[in-house]
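Letters A, B, ... mirror the listed sequences (proteins, then strands); counts begin at 1.
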Amino acid sequence: MENNMSLTGDVSTSLSISQKLAVFLGMAGLFILTLASFNINFPNRTLWLYTTLAAIGIGVIWFAQATYANKTEGIKNDHIWFKSITNGGVLGWIAGLVLTGFYIVLYFYPEYLGLNAEGENTGIIAFFDPLSKLLSGNPASQWFVYGTLYTIAILSFGIKFIWKYRHNKYERLRTFSVMFFQLSFAFLIPEFMQRLNSDNFSLPYYDLKNIWPLNYYNFEQYRVDSMINAGDIGIAMLLFGIASIFIITPILTYKYGKRWYCSWVCGCGGLAETAGDPFRQLSDKSQSAWKIERWVVHSVVVFVVLMTTAVIYSYLGEDGKYWLNRTSFLIGVAVLLTSVFALVMIFKRNEFQKDAKFGAIGYLAIILSLIGFHFLSGEGKVFLFEAEALRSTYGVLIGAIFSGVIGTGFYPVFGNRVWCRFGCPMAAILGFQQRLFSRFRITTNGGSASLAEIVLRIARWG
Amino acid sequence: MEHIVIIGNGISGITAARHIRKQSDRRITVISSESDHFFSRTALMYVYMGHMKWDHLKPYEDWFWEKNRIQLKNAYVSQVQPEINQLTFSSGEIMLYDKLIIATGSSYNKFGWKGQDLDGVQGMVTKQDLELLEENTKNCRRAVIVGGGLIGSELAEMLSTRKIPVTFLVRETSFWNGVLPPGESEIINNHIREHHIDLRLSSNLKEILSDENGRVKGVIVEETGEEIACDLVGLTAGVSPNISFLKDSGIELDKGVKVNRSLQTNYENIYAIGDCAEQHEGIGDRKSVEAVWYTGRMMGEVVAQTICGNPMKYNPGHWFNSAKFFDIEYQTYGWVFPEPRDGEAHFHWQHEDGQKCITINYQEESRKFVGINTFGIRMRHETFDTWLTEERSVDYVIENLKQANFDPEFYDTYEAEIQQSFNKHQPVAQ
Ligand SMILES: Cc1cc2nc3c(=O)[nH]c(=O)nc-3n(C[C@H](O)[C@H](O)[C@H](O)COP(=O)(O)OP(=O)(O)OC[C@H]3O[C@@H](n4cnc5c(N)ncnc54)[C@H](O)[C@@H]3O)c2cc1C
């Protein structure tokens with residue numbers, strides 16, 4: 001019953017002429033990018049670059065216009081389960097594989113994008129030089145290419161999303177907010193900040209809206225050193241990074257629930273809700289998926305806490321540079337965790353019934369490891385591992401494979417919230433804060449369970 | 001062990017089964033000839049429109065039933081013999097019960113039109129109807145829908161997502177105006193037409209025409225004699241309880257299965273709930289048969305309590321309901337009739353965009369608030385339920401309307417405009 005659509009002679013699912021042209025335009029843009037990665041030489045690179053990026057952006061927006069402009073306001077999900085691209089069908093898988101392939105190259109084989117350690121970059125990275133030079137004054141890197149495409153995706157699909165949900169002011173504002181944060185905080189500001197750098201002054205690349213544990217690398221030695229060395233601005237940034245997670249986040253979560261971050265600010269959520277929107281229905285809502293989610297996401301939290309602690313621990317106390325020493329740092333972490341754990345167990349035992357197990361296991365694992373750090377470390381090692389090994393494992397497993405390759409690459413296969421649900425330690429911590437003390441509650445209306453059920457089926461996570 | 005048998009795996013039967021299991025260890029069997037597993041009938045349309053797949057309609061995963069020891073049986077009950085506590089299936093097989101719950105729901109009405117059984121003529125109530133619709137709308141050039149109500153409007157929306165032109169024959173002079181006041185009904189007329197549906201008001205079906213293969217080829221309109229060519233006729237002129245298999249059982253029937261406030265039939269160990277149950281007298285202003293989702297669920301809960309030894313009366317509380325006509329949401333709390341009853345008055349406010357309005361019904365003398373309909377503005381059920389219980393005045397309701405608003409954050413609000421309009425419409429009460 002669900003798969004005989006193509007046989008019906010039914011025209012309603014096929015694309016209109018303008019939709020086809022829009023797809024063609026966007027694809028043409030992507031095609032030129034592909035050519036660029038094969039080192040095709042474009043005569044007027046600057047012009048080609050901007051034309052290409054415009055083609056992609058305009059293609060998406062045009063498609064949105066052709067799709068929604070002539071429809072009445074209201075939620076439009078017609079046919080999502082009939083179309084191969086959105087129902088986890090062949091087209092979805094192909095799109096998923098292409099995206100995934102892109103992520104694998106980006107994270108693990110950037111040389112194929114033209115990264116050249118010895119000399120000038122080539123390929124698609126060099127293709128982006130004009131824009132990078134315009135913004136930061138430096139040549140492009142693979143991350144600049146990624147950041148640009150990411151931003152274009154959020155902006156153009158953001159416009160599509162706003163069109164689709166134009167009856168809903170909350171969604172409109174939320175999407176504007178996400179687009180704003182991506183364009184300014186994640187993309188432009190860090191690029192501009194690069195211009196401040198000189199031989200004796202250097203700030204790390206810092207997307208200020210990215211909060212630990214999402215930017216798990218924030219407290220690595222080279223970053224901390226560079227912030228400390230950069231004087232007041234640097235120190236302010238460092239303090240801001242610490243305050244973000246321990247002060248700002250709890251306050252905002254108290255007032256608005258975790259969605260203030262996940263749906264209004266976060267770049268991962270931003271991409272998921274814009275470019276990933278057509279795939280939201282693919283999320284697995286079975287109880288077993290839910291169980292896996294609990295295990296996986298809690299493990300990631302434990303992992304990131306340990307990893308960060310180990311990394312900081314490894315460089316503390318090496319010289320007199322830092323105000324904190326190793327032992328007091330470990331004790332600090334232990335005291336903080338113990339007090340959170342104790343407060344929850346004393347005051348919120350009932351609310352956390354089901355998750356108490358995870359909390360207890362996670363807590364125990366961390367405390368034992370801290371003790372391990374203290375007694376078993378030596379000679380550049382933390383515990384039995386090198387802190388660096390832990391860090392790079394986290395970076396590869398969680399930062400690259402989970403959030404990038406699986407989380408985004410597999411949108412068309414597993415839905416748009418895989419990373420947010422299963423992998424994101426930030427969402428887990430915010431969710432914990434929300435349940436612990438937020439005023440915000442998800443409300444449902446009366447007995448119309450049928451409606452509530454339907455809404456939940458296609459509703460947002462987070 | 002006592003064996004409880006439930007005929008029907010819809011919301012009412014399944015709610016009963018779940019609550020009986022929660023409270024007891026009795027043996028439970030749920031029978032249905034429609035589908036192996038419970039599904040949400042109210043969301044059937046979304047499968048046809050491609051918003052969901054069939055599996056998404058199932059609120060419980062398939063392992064749920066065995067885990068909770070709720071036995072499922074896919075079969076049709078053709079006879080009930082209360083004297084010997086026995087069911088007979090259409091296969092001839094029999095089953096014994098100690099307590100029987102009849103939760104058989106309803107089917108769409110056929111009023112004896114000529115041609116009503118032709119191929120391509122169907123209703124939109126069951127899983128089979130949905131499958132049939134998929135068949136019947138292959139290469140469908142035009143559809144005619146007969147009967148203006150919620151299901152008719154849903155069917156029109158479904159077909160329009162497949163770009164099938166629809167002619168909608170509605171007997172009333174304005175859409176659903178047996179339920180809605182004129183201003184609201186007019187909004188829906190316009191909204192349906194905005195979706196390019198050929199809405200024909202004051203139009204009855206005279207007969208359905210057959211081609212040489214016994215398939216529908218058109219309909220004739222009673223009033224004008226006009227012949228409309230079509231490949232599909234959707235019958236959506238209301239539903240009635242599925243009780244034909246009980247005809248000679250001795251169980252008291254009228255429109256539905258007659259029950260008292262404990263939902264018991266004339267046999268002490270036989271109950272009826274949901275769409276198929278008929279109260280001896282309507283409760284409050286409610287109809288004696290109510291085909292809505294939430295009352296089915298409430299009845300399921302009540303009957304479970306009673307069977308598990310905490311006898312309870314069915315008490316559905318204040319009337320409310322909600323639905324969607326294409327893109328416009330409709331909600332109602334308390335009672336608003338198309339025309340105010342004696343001693344009652346309506347206050348009606350409409351937004352200039354023609355998509356939002358409210359109607360408040362109140363008693364003129366005492367100014368007691370009786371009910372509200374809203375279109376395009378969401379209200380909080382709990383708040384209105386409380387206000388109805390507290391018998392608030394219409395002035396109080398207008399004054400505090402903001403408290404009841406349930407629209408998402410940042411939505412435009414209309415309370416001030418509504419209050420102004422109310423004050424203008426109401427010369428200050430003496
Ligand atoms: C398209 C549509 C949309 C609707 N939308 C809404 C809405 O938005 N809001 C709302 O409140 N209500 C809505 N309703 C009404 C609502 O769905 C019903 O009131 C509700 O489903 C009734 O539940 P029930 O358990 O009484 O019966 P049902 O869900 O009808 O279940 C009865 C089951 O018993 C089976 N059965 C009957 N006789 C036998 C037999 N002899 N042997 C074996 N099995 C048998 C039937 O096949 C059926 O599966 C809608 C109905 C339809 C058709």
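The two residues A:Tyr170 and B:Pro408 have their closest heavy-atom pair at CB-CB, 4.3 Å. Across every non-hydrogen atom of A:Phe82 and B:Met49, the tightest pair is CE1-C, 3.9 Å.
Side-chain N or O atoms of B:His51 include one that pairs as donor or acceptor with a backbone N or O of A:Asp78 at under 3.5 Å. Although no hydrogens or angles enter the test, the distance criterion places no donor-acceptor pair under 3.5 Å between the side chain of A:His167 and the main chain of B:Asp327. For A:Gln287 (side chain) and B:Glu61 (main-chain N/O), no donor-acceptor pair under 3.5 Å exists by modelled atom type.
Within 6.0 Å of the CH2 atom in A:Trp93, the count of heavy atoms belonging to other residues, nucleotides or ligands does not exceed 12. No more than 12 heavy-atom neighbours from other residues, nucleotides or ligands sit within 6.0 angstrom of CD on B:Glu66.
For B:His191, no part lies under 4.5 angstrom from a heavy atom of chain A.
Residues passing the salt bridge (charged side-chain N to carboxylate O under 4.0 Å, His left out) test with A:Lys209 are A:Asp207, sequence neighbours excluded.
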I would like to know whether B:Phe410 and A:Asn168 meet side chain to side chain contact (heavy atoms under 4.5 Å, CB included); could you show each step before the answer?
CA-CA 9 Å; B:Phe410 308 114; A:Asn168 186 326; over 6 Å; no
Could you go through the side chain to side chain contact (heavy atoms under 4.5 Å, CB included) check for A:His79 and B:Arg162 one step at a time?
CA-CA 9 Å; A:His79 309 309; B:Arg162 301 280 183 102; 4.1 Å; yes
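Taking 4.0 Å as the cut-off between side-chain N and carboxylate O, A:Arg174 and B:Glu409 do not count as a salt-bridged pair.
To the nearest 0.5 angstrom, A:Lys285 atom NZ is 5.5 Å from B:His56 atom NE2.
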